Number of protein chains: 2
Amino acid sequence: MTQTGSAGKERRATIKDVAARAGVSPSAVSIALHDRPGVSASTKKRIMKAAEELGWRPNLAAASLSGHAVHTVGLAIARPARLLGLEPFYMEFISGIESVLSRRSCSLLLRVIEADEEIDVHREWWQGGRVNGSILVDLKVDDPRIPALAEIGLPAVVVGHPSLAGPFASVWTDDAAAIGEAVRYLAALGHRRIGRVSGPAELGHSVIRTEAFDRVTAELGIQGTTAVADFSPDQGGRACRSLLLAPERPTAIIFDNDIMAVAALGVADEFGLSVPGDLSLLAWDDSQLCQLTRPALSAMQHDVYSFGADVTRALFEVMQGDGHPSHATQSPSLVPRSSTGRAAN
Amino acid sequence: MTQTGSAGKERRATIKDVAARAGVSPSAVSIALHDRPGVSASTKKRIMKAAEELGWRPNLAAASLSGHAVHTVGLAIARPARLLGLEPFYMEFISGIESVLSRRSCSLLLRVIEADEEIDVHREWWQGGRVNGSILVDLKVDDPRIPALAEIGLPAVVVGHPSLAGPFASVWTDDAAAIGEAVRYLAALGHRRIGRVSGPAELGHSVIRTEAFDRVTAELGIQGTTAVADFSPDQGGRACRSLLLAPERPTAIIFDNDIMAVAALGVADEFGLSVPGDLSLLAWDDSQLCQLTRPALSAMQHDVYSFGADVTRALFEVMQGDGHPSHATQSPSLVPRSSTGRAAN
C-alpha cells in the first residue's frame with residue numbers, strides 16, 4: 001500500500017475524484033464499475049485506469065455507488081405475506097416511512113420473513129453495506145434480536161416500549177394508558193363484562209396491553225376476559241365468537257386492530273346481536289376502514305402514518321449520531337362513533 | 001494491471017478467494033471492506049492485503065457484498081403515500097412479490113415517488129448496482145419510462161397490457177374481458193343505466209377499461225357513464241354522488257377498486273338508497289374488505305397476491321435471461337354477493 005501526494009494522504013479517493021481524472025461524469029464511473037451498459041469500452045478502460053492510479057479502494061464502493069452516499073433503510077416484517085395485505089397498519093406505517101425517505105431520496109429495503117430469520121437478514125444487510133440502518137418492529141419480550149443486533153453495531157430504532165428495546169433508541173405509543181382509557185370509557189357506559197381480542201400473546205405490546213387491561217378491569221371491579229388471535233379477520237372472528245359463547249357474554253369488546261373489529265360486525269350479525277344495542281365494539285388504530293363500515297366503528301385512534309414518519313426521523317438521528325432520540329409518540333385516544341353505546345340491561 | 005498465475009488468468013478474484021487467502025470467512029471480508037465493526041484492525045489489514053494481492057476489483061463489489069450475488073428487486077410507486085395505506089391492492093400485490101422473494105432470500109427495494117421521478121429512480125438503482133431488476137406499475141399510454149428504461153438495459157417486467165410495455169416483458173389481466181363480463185351481468189339483471197367510477201384517466205388500464213365499457217354498453221344499447229376518481233374513498237364517494245345526482249341516475253355502479261365501492265355503501269346510505277334494492281354496487285379486486293362489509297360486496301375477483309407472485313417469477317426469468325415470459329394472468333371473474341340485484345322499475 002503506497003501513499004502518493006501529500007494533501008491526498010489523509011483522504012481516500014472518491015468516485016468524484018476518479019470521474020475528474022478520467023474526464024467523465026461520476027455516473028459514468030458508477031456504470032463502468034458495475035459493468036452496466038452505457039459507457040464505451042475505451043471510456044471504461046480510462047475509468048478503470050484512473051481508479052487504479054488514484055488508489056480508489058473497494059471499501060468505498062457501497063457508500064459511493066452513485067457518487068453520493070447510499071441511504072437505504074431496512075424493514076423486515078415477520079408476518080405471513082398473505083396477512084400483510086389485509087393489515088391497514090403496516091401499509092400506513094410504511095407509507096409514513098416512505099414520506100420521510102422520499103423527501104431525502106432514500107429507499108426502503110423490505111423483507112417479509114419467518115421470525116427466526118430476522119437476525120440473519122439484518123446482519124447480512126448491515127454487514128453487506130446494503131442498509132444504513134433498520135427499523136425493528138413486533139418486538140417480543142426478551143427479543144433475541146436486541147442483543148444480537150446490538151453486538152454488530154446496527155444503527156436501529158425499535159418500534160415499541162423502551163422496556164423492550166435494550167440499548168436501542170425506541171419510539172412507542174403508550175398502550176397501557178390507551179387501554180385504560182378504553183376500559184374506563186366502556187365502564188362509564190355501564191358495561192360490567194368487557195371482552196378483548198388481542199394480537200399474538202408473545203408480542204411485547206400484547207403483553208403490555210393485557211397487563212393494563214387486567215389491572216384496570218380489576219380496579220373497577222368489572223369482569224375482563226382476553227381471547228388471543230393473530231390480527232387476521234378469521235382468527236379475530238373466531239376469538240369474538242368464543243367470547244360471545246361464554247355463559248356470561250361480554251356486552252362490549254375491545255380489539256387490538258381494526259380488521260378484527262370489522263370482522264366482529266359480521267359475527268354480531270350471525271349471532272343476531274345489534275351493534276351497539278346488544279354489543280359494543282371498539283377498534284384499535286382507526287384506519288379509514290372504521291369510517292367506512294355501517295355502523296361506523298368507534299376506535300382508539302392514533303396516526304399510524306405519522307408514527308411511521310416519526311420512527312424514520314428518529315432513525316436518521318441515530319444514523320447521523322445525533323444522540324438518543326427515544327420518545328413516546330402521541331398516545332392513542334378515543335374516537336367514539338356508532339359501534340359503542342350504553343350497556344343493555 | 002499485472003496478471004499472475006495461469007489458471008486464475010481468465011477469472012476475476014472473488015470475495016471467497018480473498019477470504020481463503022486471508023484465512024477468514026467471506027463475511028469477515030465483507031465486514032472489512034465495508035468498514036463495519038466486527039473484525040480486528042490486524043485482521044482487516046490482512047484482508048485488505050489479500051484483496052490487493054489478488055487484484056480483487058471494485059466492480060465486483062455490488063455482486064459480491066456478502067460473498068454471493070445480491071438479489072434485489074425494485075418497485076417505485078407513484079401514488080400519494082397516505083393513499084397507499086388505504087389501498088388493499090398494493091399491499092396484497094407487495095405481499096405476493098415478497099412471497100417469491102423471501103423463498104429466494106431476496107429483498108424488495110421500495111420507493112414512493114412523484115410520477116416524474118420514476119425514470120431517475122430506476123436509472124440510479126440499476127446503474128448503481130442496487131437492484132437486479134425492477135417491476136414497473138401504473139403504466140400510462142405512451143409512458144415515458146418505457147423508452148428511457150429500455151435504453152439503459154434495465155431488466156424489468158411491466159404490470160400491464162403488452163400494448164403499454166414496449167420491448168419489456170409484461171404480465172397483465174384481461175381488463176377488457178372483465179369489464180364486458182361485469183356489464184353483461186348487470187344488464188342481465190335488468191339494469192339499463194350503468195355508472196362506473198374509474199381510476200385516474202391517464203392510466204393505461206383505465207383507458208382500456210373505459211373503451212371496453214363504452215363498447216359493451218353501446219352494443220347492448222344501454223346507457224353507460226364513467227366518472228373519474230383517483231382510487232381514494234373520498235374521490236370515489238364524490239364520483240358516486242355525481243352519478244347519483246344526474247337526472248336519470250344509474251341503477252348500478254361498477255368501481256375500479258374495492259375501497260371506492262366500500263365508500264359508495266356510505267353514499268347510498270346518505271341518499272336513502274337501499275343496496276341492492278335501489279342501487280347495485282360492484283367492486284373490483286375483491287380484497288377481503290368485500291366480505292367484511294354489510295351487505296357484502298359483489299366484486300370482480302382476481303387474486304392480487306398471486307398476480308404479484310406471478311410478476312416476480314416473470315422478472316426472475318428476465319433477470320436470468322430465460323426468454324420473454326410475457327403472459328396474461330388469470331382474468332378477473334365475477335363473484336356475486338349481496339350488493340347486486342335486479343334493477344328496480
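First the proteins, then the strands, lettered A, B, ... as listed; each starts at 1. Predicted model only: the values in this text are computed from it and were never measured.
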Minimum side-chain heavy-atom gap A:Arg294-B:Thr293 below 4.5 Å: no

Gap between atom CZ of B:Arg79 and atom OG of A:Ser95 - 0.5 Å precision: 11.5 Å

Euclidean distance, A:Ile259 CD1 relative to B:Leu289 CG, rounded to 0.5 Å: 5.5 Å

A:Leu75 versus chain B, the contacting section by heavy-atom distance below 4.5 Å: neither

Over all atoms of both residues, closest heavy-atom pair of A:Glu98 and B:Val112: OE1-N, 3.0 Å

Under 4.5 Å from any heavy atom of chain B - which part of A:Leu101: neither

Reported CZ-to-OG1 distance for the pair B:Arg111 and A:Thr72, which is rounded to 0.5 angstrom: 9.0 Å

Contacting moiety of A:Ile97, where chain B heavy atoms sit under 4.5 Å: neither

Options B:Gly237, B:Gly74, B:Cys106, B:Gly96, ranked by heavy-atom pairs under 4.5 Å with chain A, top entry: B:Cys106

A:Ser107 portion near chain B, given a 4.5 angstrom heavy-atom threshold: both

Heavy-atom pair of closest approach, residues B:His71 and A:Arg130: O-NH2, 4.1 Å

Residue-level contacts of residues 261-270 of chain A with chain B, using a heavy-atom cutoff under 4.5 Å: A:Val262, A:Ala263, A:Gly266, A:Asp269

Side chain to side chain contact (heavy atoms under 4.5 Å, CB included) between A:Gln288 and B:Asp234, worked out: CA-CA 10 Å; A:Gln288 200 154 352; B:Asp234 285 353; 3.8 Å; yes

Among B:Pro233, B:Ala296, B:Ser99, B:Ser287, residue most engaged with chain A (heavy-atom pairs, under 4.5 Å): B:Pro233

